[in-house]
Amino acid sequence: MKHKQKLRWLIVGICALIFYLAFFFMGNHFIQSNQKEQVKALGQDYQDALLGQAKAQTLKRWQRNYQVEVVDLPVTGTSELAKVAQNVAKHNLVNTGAPYLKVEYRQQRYLLYLISDSVSKQNEAMLVQPLAGIWSDFRGLWVTFSLLYWLLIAAFFWLMWQHQKSVRRKLGLLSHNVVAITQQQEPEPVLFTADDPFFPLGNQLKDLSQIRDQQLLAAQLHEKSFRSLINNLPLGVMLLDRDGRVEMANQAVATILNVARIDSASENYVDYVKTYALSRMIEHALRQPTVKRHQRRDIQLVGDDGRFVEADVISLIGDEAELNDMRVLVMLYDLTEIKQNEQMQLDFVANASHELRTPVTVIAGYAETLLAGAQHDSLKSREFIQTIAEQAHHLEELIHDILLLSRADQDMPIKWQTVNLEQVAQQTIKVLQDPIKAKQLKVNLDVAQYTGPILSDEVKLEQIIKNLVTNAVRYNREQGEITIALATTATATTIKVRDTGIGLTTEDQTRIFERFYRADHAHNATEKGTGLGLAIVANLVDQLNGQVTVQSQLGVGSTFIVTLPVNHVE
Ligand code: ADP
């Protein structure tokens, strides 16, 4: 119990006691005042009786009736009472002005009343009566009253204590619930009756807890959708506090920095950022926490995959950072693919110009030799002109393939149509009749598994088959064989072009789809290719969402397999 509370209880107790005592003393005073009146009246009676010379017997009876002793003055007897009365009168302790006196003798209190003559002021007698009072006259009543009174007071105290206890318990519960609500915990259930003074407060707390739950849920949902948004961004995002600890990071940043995942449980950014240039940008921002700064640089990250990124490091200060604490936002945009494409374009231009320059140089060389006089030698001039024609033809082929590839690069839209693959294959064989005949090749068209037509782009398919069959002719042996097998299943269409040619090494198999790549043997082939045919095939197959693979064995032959998904007319 608190000190103040104790004091309050003490004051209430003292008040109860004062009231009890006051009642006692006031009661006593009232009884004694009455006694005085009565004694005075008895004094009058006595005087009257004395004057009337009442008989001694009557006087005795009168004394017994009113429990009063009479001591005549001046004193004649030697009784103790007479001595007391004598003393009192002698010392003038009572007189006509103040005729009452309380004395004690034989452990009893008495009231003395002086009867004196009103005219001569002569003391006549002293009336002695035991002093009346609550305790002496109403002992039983007073004990009963006291018991009841203190019982009532005790009951009052008990009830107050119980009340205090229940108020304290309820207040404790409510304040516990307030704490639980602020600490986002579940509050204890409170059940107050409608007439309880805490009922409205309990209800308000319940409402408050429900509002908090709803707000918490809404905040959680917001955070969840925000996190999922950040996590699904292709842009790497990482937020650092002013000490460089990671507060938040998405999956993209982990992928770009080549780490499994970034643990945002207060790890420092240096655990993840290993590239000096990027660390420097971040350090720069952290070192000047009051300066708003936006740094941007293209950086190549260290590591196995050596990614190229555009790094943005932004100092968030003031309101932007929340809680007025500085933060650093790191955003990494992966440029690797763009850079790779750029490099591929550069390589392509370099390769293309190299490839184009070779026939042009040959043509120019031979033409100059002819002009320098070789034209007069009919045998030589014929040979030179033939070479010039061959090179011009090769140049034409090169330009054709480069154009085809550049068009393919632009992702020409697919022109969906029903395509009869068998017809396309037959057409290709027909077109390539001359070189086929020249090598005395046997061409088979296997359509046993083919149930076409299919839905695809005819021009693209023509180009694919033409390039594959051209290679099968070009890299075949004399009197070799070519098999074109078409097949359709419920899920795919396959085109297989098998030859009995020189075959490919395992390394060549992995590189032949690169632009301008040619295996060693190709350089010795009678008919020179461009090195772009399979690159075009790969590109077109990719556009049709298919796949192209090769199986080959040196000196035995190669099989190119194109697999296309089955498309349905929408
Ligand atoms: P090219 O015009 O040189 O034939 P391609 O892109 O069509 O260019 O082919 C790339 C290289 O792959 C060729 O130079 C050749 O070395 C190899 N190649 C392609 N098809 C075959 C095949 N059927 N058999 C053996 N080698 C092949």
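Throughout, numbering of the chain's residues begins at 1 and tracks the sequence. When a ligand or atom number is given, it counts from 1 through the structure's own listing order. Since the structure is predicted, the reported quantities are computational estimates derived from the model, not experimental observations.
Per-residue contacts place Tyr517 under 4.0 angstrom from the following atoms of ligand 1 (heavy atoms of the residue considered): 10 (C), 11 (C). Shown in contact with Gly529 at under 4.0 Å from a heavy atom are these atoms of ligand 1, numbered in order with element: 1 (P), 2 (O), 3 (O). Residue contact check: Arg518 has heavy atoms under 4.0 Å from atoms 3 (O), 14 (O) of ligand 1. Atom numbering of ligand 1 starts at 1 in the shown order; those under 4.0 Å from a heavy atom of Asn471 are 4 (O), 5 (P), 7 (O), 9 (O), 19 (C), 20 (N), 23 (N). Per-residue contacts place Arg474 under 4.0 angstrom from the following atoms of ligand 1 (heavy atoms of the residue considered): 1 (P), 2 (O), 4 (O).
Between the side chain of Asn231 and the backbone N or O of Gln251, at least one donor-acceptor pair lies under 3.5 Å. Remark: side-chain polar atoms of Gln417 are paired, donor with acceptor, to backbone N or O of Glu458 under 3.5 angstrom.
Legend: side chain to side chain donor-acceptor pair (under 3.5 Å) pairs involving residues 354-367, not counting sequence neighbours, sorted by first then second residue: Glu355-Arg518. For the ring-ring contact (aromatic ring centres under 6.0 Å, His included) condition, no pair includes a residue of residues 212-235, sequence neighbours left out.
Remark: among candidates Leu534, Asn476, Asp401, the nearest residue to atom 5 (P) of ligand 1 is Leu534, based on non-hydrogen atoms. The heavy atom nearest to atom 17 (C) of ligand 1, considering only Ile512, Thr530, Val497, is found in Ile512.
The pair Glu283-Arg280 does not meet the salt-bridge criterion, since no charged nitrogen lies less than 4.0 angstrom from a carboxylate oxygen.
Put simply, the side chain of Leu240 does not reach to within 4.5 Å of the side chain of Glu247, judged on heavy atoms. Within the 4.5 Å cutoff, the side chain of Leu544 has heavy atoms near those of the Lys460 side chain.
Ligand 1 has an N or O atom lying under 3.5 Å from an N or O atom of Ala519, backbone or side chain. In terms of polar-atom proximity, defined here as any N/O pair under 3.5 Å, Gly533 does make such a contact with ligand 1.
Taking a 4.0 Å cut-off on heavy atoms, Leu532 registers as neighbouring ligand 1. Using a non-hydrogen distance threshold of 4.0 Å, Phe560 registers as a contact of ligand 1. Not a single heavy atom of Gly501 sits under 4.0 Å from any atom of ligand 1.
For the side-chain contact (heavy atoms from CB on, under 4.5 Å) criterion with Val550, the lone passing option out of Ile512, Ile561, Val497 is Ile512.
Residue Asp499 touches ligand 1 through its side chain alone, judged by heavy-atom distances below 4.0 Å.
Using modelled atom types and a 3.5 Å distance limit, the side chains of Asn341 and Gln345 yield no donor-acceptor pair.
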